Amino acid sequence: MLGYLSIGVFIDGGYYAKINRSLKKQENSIIRVRSLFEFITERLAGEENVNPSDCQITEAHYFRGRFRVKEAYDKHLLYNERKFEDTLIENDVVFHYKHLKEVDRDGRTEVIEKGVDVWFALEAYELATFRKFDYVVLITGDADHEMLVRKLKALKTKVVLLTWNLTDAEATSPALKEEAPHHWELGDLTEEAPQLRRRLLYKLREQPLPELGESF
């Protein structure tokens, strides 16, 4: 293929956060968003035989549930949330949030995230319809997005499923993998090319400030 490639990237924030938590626990690192986006454009440019400068992420969207400000403050999450949002803004990522709810069940506090997956799917499908992306890259492992992939393929949009399975918590749905025409598993790719892992990751300070909450 010759010409310009337009890419839409859609990030499942809950899935992305699980990856970062695992990376932080294993090697005190998190994903560098800019490097991840560069990897996506360079790989697609190579596969489609176009100049990398003609392969652009024209839109990127991030979806996540989050606590209301008082709850986030009480849980020491505000600094990390704002810091991560700065990273999204610097990389022209549009973020979409819905409030989380906490409910008590059988003596345990359970965090409920409602509607985010549906919003993710609707937004991805609608934007693919109107923006006419050449590729849509979905960063998720959720089985609920199997039908989204099927509908995007019906639009003649090429779909890439990008995952990074570090623990069972990030395990990708087999049905989703089967439906996606292109699947990039970063665990496999970084094992084959250790320099890619170094490029994609940002090393955190060895002793983060104790008052900060969980990193995004």
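Please read all numbers here as calculations on a predicted model, not as lab measurements.
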**Complete:** Residues at least two apart in sequence or cross-chain that pass side chain to side chain contact (heavy atoms under 4.5 Å, CB included) with Leu189, listed by chain then number, are Phe39, Arg43, Trp184, Leu186, Glu192, Leu196

**Message:** Tell me whether Lys151 at atom NZ has more than 12 heavy atoms from other residues, nucleotides or ligands lying less than 6.0 Å away.
**Reply:** no

**Prompt:** Hey, what do you get for CZ (Arg150) to CD (Glu179), rounding to the nearest 0.5 Å?
**Reply:** 4.5 Å

**Asked** How far apart are the closest heavy atoms of Asn20 and Ile31, and which atoms are they?
**Response** OD1-N, 2.9 Å

**Asked** Can you name the salt bridge (charged side-chain N to carboxylate O under 4.0 Å, His left out) partners of Glu185, sequence neighbours left out?
**Response** none

**Asked** About how many Å separate CZ of Arg131 and CD of Glu59, when rounded to the nearest 0.5 Å?
**Response** 4.0 Å

**Request:** Determine, step by step, whether Lys177 and Thr163 satisfy the side-chain contact (heavy atoms from CB on, under 4.5 Å) criterion, reporting the C-alpha distance in whole Å, the side-chain angles of both residues, the deciding distance to 0.1 Å, and the verdict.
**Result:** CA-CA 10 Å; Lys177 287 194 291 186; Thr163 61; 5.9 Å; no

**Prompt:** Excluding sequence neighbours, so at least two apart, what forms side chain to side chain contact (heavy atoms under 4.5 Å, CB included) with Phe95?
**Reply:** Tyr62, Glu85, Leu88, Ile89, Tyr97

**Complete:** Ala72 meets the side chain to side chain contact (heavy atoms under 4.5 Å, CB included) criterion, sequence neighbours left out, with Phe67, Leu77, Leu78, Glu81

**Request:** Could you tell me which residues satisfy side chain to side chain contact (heavy atoms under 4.5 Å, CB included) with Asp144, sequence neighbours excluded, listed by chain and number?
**Result:** Asp117, Asp142

**Item:** Crowding at CD, Glu27 (>12 non-hydrogen neighbours, <6.0 Å)
**Value:** yes

**Request:** Could you grab the distance from atom CG of Leu200 to atom OG of Ser29, nearest 0.5 Å is fine?
**Result:** 11.0 Å

**Request:** Answer whether the closest heavy-atom distance between the side chains of Lys18 and Thr167 falls below 4.5 Å.
**Result:** no

**Lys/Arg-Asp/Glu bridge criterion (N-O < 4.0 Å) met for Lys158, Glu47** = no

**Message:** Taking CD in Glu90 as the centre, count heavy atoms belonging to other residues, nucleotides or ligands within less than 6.0 Å. Is the count above 12?
**Reply:** yes

**Request:** Might you point out which heavy atoms bring Arg32 and Ser35 nearest each other, and give the distance in Å?
**Result:** CD-OG, 3.0 Å

**Request:** Start with the C-alpha distance between Ile139 and Leu36, add both sets of side-chain angles, then the distance that settles side-chain contact (heavy atoms from CB on, under 4.5 Å), and finish with yes or no.
**Result:** CA-CA 11 Å; Ile139 302 177; Leu36 180 64; 3.9 Å; yes

**Complete:** Between Arg64 and Gly13, the two heavy atoms sitting closest are CD-C, 3.3 Å

**Prompt:** Which of these, Asp134, Asp54, Thr58, sits in a side-chain hydrogen bond (donor to acceptor under 3.5 Å, both in side chains) with Ser6?
**Reply:** Thr58

**Item:** From CG (Leu5) to CD (Glu48), nearest 0.5 Å
**Value:** 5.5 Å

**Prompt:** How long is the gap from OG on Ser173 to CD on Glu146, to the nearest 0.5 Å?
**Reply:** 6.5 Å

**Complete:** Output for pair (Asn91 CG, Ile57 CD1), nearest 0.5 Å, gives 9.0 Å

**Prompt:** Does some side-chain heavy atom of Thr41 sit less than 4.5 Å from a side-chain heavy atom of Pro52?
**Reply:** no

**Message:** Between Tyr15 and Trp164 (side chain of the first, backbone of the second, donor and acceptor by atom type, cut-off under 3.5 Å), is there such a pair?
**Reply:** yes

**Message:** Tell me if a side-chain donor or acceptor on Lys24 pairs with a main-chain N or O of Leu204 at a distance below 3.5 Å.
**Reply:** no

**Complete:** The remaining residues in the hydrophobic cluster of Val136, counting side-chain heavy-atom contacts under 4.5 Å among Ile, Leu, Val, Met, Phe, Trp and Tyr, are Phe10, Phe63, Val116, Trp119, Phe120, Tyr125, Leu127, Phe133, Leu138, Leu148, Val149, Leu152, Leu155, Val159, Leu161, Leu176

